[in-house]
Chemist: 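Right, I'll just put the structure down here and ask away after.
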Amino acid sequence: MVVVMSERATEAQVDAVIARLIELGMDVHRSSGATRTVLGVVGANKIEKELIEILEGVSEVLRISEPYKRASRSYRPEDTIVQVGDVRIGGDEVIVMAGPCSAETEEQCHASAAAVKRAGAKVLRGGAFKPRSSPYSFQGHGEKGLQMLRDAADAHNLQLISEVMDLSQIELIGRYADIFQVGARNMQNFTLLRELGHARKPVLLKRGLMATIEEWLLSAEYILSGGNNDVILCERGIRTFETATRNTFDISAIPVVEKLSHLPIIADPSHGAGRRDMVAQLARAAVAAGADGLIIEVHNDPDHALSDGAQSLFPTQFDRLMAELRIIAPAIGRGICLEPVAKRGWGV
Ligand code: PEP
Ligand code: MN
């Protein structure tokens, strides 16, 4: 439920209401706006609305109608900002995560990391455990891959995101990566989500190939209800009847999620398009639509990549895209990578 305090409620009254809710076994999230305080309340116990309505300073008690509670905007009206090192995801700045689909070699990780850093990315992406449709495709280098990615991220002062596919990998991946990525195929792996609810690191939750936005937010709820508030959503395209692109990138998911949830939402135009000649267009559209960030596949030699080469950008294409995003982001009141690219020697 949501407890809306009256505009005239005193601090002592707000504290008393919070104390009473905690006494009733509930978890409370306080949001103090310019004029009033709103309390988001969840818990296993069902409590009578009237019990709270009669407390001093309470203006209104509303039930949260969405099936997801902690993920909903009504529970927490203000945007969640996920902090990873010195990177803030969900704030004014559009954050770009970029790098190869998979870690292949040390040289490839370093060259890709250098290229994305130079263009303004803040987070290096790369998989060491790969969820491939075919068991005969490259499955990733496991811990060796994580080590290569970590070294490359450190060498270029980048945060690192890497995919976790299974419960048994959480501890290992947590030792190397700064953000856990849950892939589209695992969006409803509820045991994995529950366990990540106890993790001390942020989780990027990709939308499942066949998931509705409500199902996706319910999956986020599994992580949030375990006590991990640092969840970032990622739209990466869904499966539709259309076959011209690998997936159908659902641009409308960005404003829909922004309305329904306080969680940051970023976009993955690489898996949305499935081909590199369409990645920039989708990336630009996602930023214009209000995405808090992007995750993009960039490879130093995409034509020889062991996975997703066709959708991976060449570094020069990524440079160009970042320069375009630097024009789009301010048009909607956002920042993106403080230093202008010209200062970094972008010359395409
Ligand atoms: C990936 O990021 O390389 C990946 C496998 O993504 P998705 O889970 O969206 O298919
Ligand atoms: Mn990929």
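In each ligand, atom 1 is the first atom listed, and ligand 1 is the first ligand listed. Since this is a predicted model, take the numbers as computed values, not measurements.
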Chemist: For the Mn ion (ligand 2), which protein N/O/S atoms are closer than 2.8 Å?
Modeler: Cys101 SG, His271 NE2, Glu297 OE2, Asp308 OD2

Chemist: Suppose we measure from atom 6 (O) of ligand 1 to each protein heavy atom; which comes out shortest, and what is that distance?
Modeler: Lys206 NZ, 3.0 Å

Chemist: Against Ser74, only a single residue in Arg63, Glu66, Met1 fulfils side chain to side chain contact (heavy atoms under 4.5 Å, CB included); can you say which?
Modeler: Glu66

Chemist: Using a strict threshold of under 4.0 Å (side-chain N to carboxylate O), is an ion pair present between Asp15 and Arg20?
Modeler: no

Chemist: Are Lys206 and Glu163 ion-paired here, with the side-chain N under 4.0 Å from a carboxylate O?
Modeler: no

Chemist: Can you give me every donor-acceptor pair (side chain of residues 24-38, partner residue at least two apart or in another chain, under 3.5 Å) with its distance?
Modeler:
{"residue": "Asp27", "atom": "OD2", "partner": "Arg70", "partner atom": "NH2", "Å": "2.7"}
{"residue": "His29", "atom": "NE2", "partner": "Glu78", "partner atom": "OE2", "Å": "3.4"}
{"residue": "Arg30", "atom": "NE", "partner": "Ser32", "partner atom": "OG", "Å": "2.9"}
{"residue": "Arg30", "atom": "NH1", "partner": "Glu11", "partner atom": "OE2", "Å": "2.9"}
{"residue": "Arg30", "atom": "NH2", "partner": "Glu11", "partner atom": "OE1", "Å": "3.2"}
{"residue": "Arg30", "atom": "NH2", "partner": "Glu11", "partner atom": "OE2", "Å": "3.2"}
{"residue": "Arg30", "atom": "NH2", "partner": "Ser32", "partner atom": "OG", "Å": "3.4"}
{"residue": "Ser31", "atom": "OG", "partner": "Glu78", "partner atom": "OE1", "Å": "2.7"}
{"residue": "Arg36", "atom": "NH1", "partner": "Met5", "partner atom": "O", "Å": "3.2"}

Chemist: Atoms of ligand 1 less than 4.0 Å from Cys101 heavy atoms?
Modeler: 3 (O)

Chemist: Among Arg334, Lys122, Arg88, which residue satisfies the salt bridge (Lys or Arg N to Asp or Glu O under 4.0 Å) criterion with Glu93?
Modeler: Lys122

Chemist: Taking the basic N atoms (NZ, or NE/NH1/NH2) and the acidic carboxylate oxygens, is any pair closer than 4.0 Å for Arg276 and Asp308?
Modeler: no

Chemist: Test your reading of the structure: does Arg185 have an N or O sitting under 3.5 Å from an N or O of ligand 1?
Modeler: yes

Chemist: Show the atoms of ligand 1 that are less than 4.0 angstrom away from any heavy atom in Gly183.
Modeler: 8 (O)

Chemist: Are Ile265 and Val82 in one and the same hydrophobic cluster, where Ile, Leu, Val, Met, Phe, Trp and Tyr link if side-chain heavy atoms are under 4.5 Å apart?
Modeler: no

Chemist: Apply salt bridge (Lys or Arg N to Asp or Glu O under 4.0 Å) to residues Lys69 and Glu221 and explain how you reach the verdict.
Modeler: CA-CA 7 Å; Lys69 310 288 178 204; Glu221 192 80 9; over 6 Å; no

Chemist: I'd like to check whether Glu163 has a polar contact with ligand 1, where a contact means an N/O of the residue lying under 3.5 Å from an N/O of the ligand.
Modeler: no

Chemist: Looking only at protein heavy atoms, which one is nearest to atom 9 (O) of ligand 1, and what is the separation?
Modeler: Arg236 NE, 2.6 Å

Chemist: With heavy-atom distances below 4.0 Å as the criterion, list the atoms of ligand 1 near Lys130.
Modeler: 1 (C), 3 (O)

Chemist: Is it the case that over 12 heavy atoms from other parts of the model lie below 6.0 angstrom from the CG atom of Asp92?
Modeler: no

Chemist: Could you walk me through whether Lys49 and Val3 satisfy the side chain to side chain contact (heavy atoms under 4.5 Å, CB included) test, starting with their C-alpha distance in whole Å, then the side-chain angles of each, then the deciding distance to 0.1 Å, before giving a yes or no?
Modeler: CA-CA 9 Å; Lys49 201 165 157 242; Val3 180; over 6 Å; no

Chemist: For atom 4 (C) of ligand 1, which protein heavy atom lies nearest, and how many Å away is it?
Modeler: His271 NE2, 3.4 Å

Chemist: Have a look at Gly140, Ala184, Ser312 and point out the one with the heavy atom closest to atom 8 (O) of ligand 1.
Modeler: Ala184

Chemist: Run the numbers for me: atoms of ligand 1, each under 4.0 Å from some heavy atom of Arg125, listed by number.
Modeler: 1 (C), 2 (O), 3 (O)

Chemist: Hydrophobic cluster membership, with links at side-chain heavy-atom distances under 4.5 Å among I/L/V/M/F/W/Y: are Val123 and Ile295 in one?
Modeler: yes

